[in-house]
Amino acid sequence: MSWRETYGGFVDDPDTNPWFDAERRIGMWETILAEADHATIVAEGPVGIVGFASTTPTTEPDAVRLEELTMLYVLQRAHGSGVGQALLDAVLADRPASLWVAADNPRALAFYRRNGFRPDGAESSFGPIPRTVRLIR
């Protein structure tokens with residue numbers, strides 16, 4: 001649900017776009033959770049899961065950091081509650097890392113800036129997101 005809330009606006013119809021297919025997401029999570037090198041933290045609220053965060057070591061020879069924050073998503077109803085900060089602190093603490101974020105997501109960019117992340121000039125695209133920027137600290 002958080003994936004859809006965050007990126008649904010990048011496509012005409014998330015219900016028909018393959019990036020939002022539940023079976024695809026389930027398969028992705030089965031792979032991630034089976035890999036020992038991923039660290040994943042889940043935040044629960046009174047009515048269920050409200051967010052999650054995941055990190056993994058970077059293995060590319062030209063990696064800018066040894067660890068990457070691969071996911072940090074919080075449902076809109078929990079925005080501003082401190083859940084995102086708690087997840088980041090739990091999964092990464094203050095270690096150096098890299099991450100990719102949608103270039104036109106001012107809320108996420110401000111959050112990461114408050115946590116010491118800065119753009120390093122690298123840009124890419126990912127799925128339905130036309131422009132992502134890499135941040136490092």
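Being a predicted model, the structure only gives us computed values, none of them experimental. One is the number of the first residue; the rest follow in order along the sequence.
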Closest non-hydrogen atom pair between Leu99 and Leu69, with its separation:
CB-O, 3.5 Å
pair Arg113-Leu135: side-chain heavy atoms closer than 4.5 Å:
no
Who passes side chain to side chain donor-acceptor pair (under 3.5 Å) against Thr40, sequence neighbours left out?
Ser54
If every non-hydrogen atom of Ala103 is compared with every non-hydrogen atom of Leu109, which pair is closest and at what distance?
O-CD1, 3.3 Å
To the nearest 0.5 Å, tell me how far Phe126 CZ sits from Thr132 OG1.
8.5 Å
With sequence neighbours excluded, tell me which residues meet side chain to side chain donor-acceptor pair (under 3.5 Å) with Arg118.
none
Considering only residues two or more places apart or on different chains, which pairs with a residue in residues 80-99 satisfy salt bridge (Lys or Arg N to Asp or Glu O under 4.0 Å)?
Glu67-Arg95
Do the side chains of Leu72 and Phe111 get nearer than 4.5 Å, heavy atoms only?
yes
Heavy atoms of Pro106 and Asp104 approach each other most closely as CD-O, 3.1 Å
With the side chain counted from C-beta on, respond yes when Thr59 and Asp37 share a heavy-atom pair under 4.5 Å apart, and no when they do not.
no
Of all heavy-atom pairs between Ser98 and Ile136, which one has the smallest distance, and what is that distance?
CB-CG2, 3.9 Å
Closest non-hydrogen atom pair, Val50 against Arg77:
CG1-NH2, 3.8 Å
Pairs satisfying side-chain hydrogen bond (donor to acceptor under 3.5 Å, both in side chains), at least one member in residues 121-130, at least two apart:
Glu123-Arg131
Within the distance-only criterion (no hydrogens, no angle test), does the side chain of Thr58 pair as donor or acceptor with the backbone N or O of Leu66 below 3.5 angstrom?
yes
With sequence neighbours excluded, what pairs up with Phe117 under the ring pair (Phe, Tyr, Trp, His ring centres under 6.0 Å) test?
Tyr112
Any residue meeting salt bridge (charged side-chain N to carboxylate O under 4.0 Å, His left out) with Arg137, in chain and number order, not counting sequence neighbours
none
Can you measure from CG (Leu87) to CE (Met71) and round to the nearest 0.5 angstrom?
12.5 Å
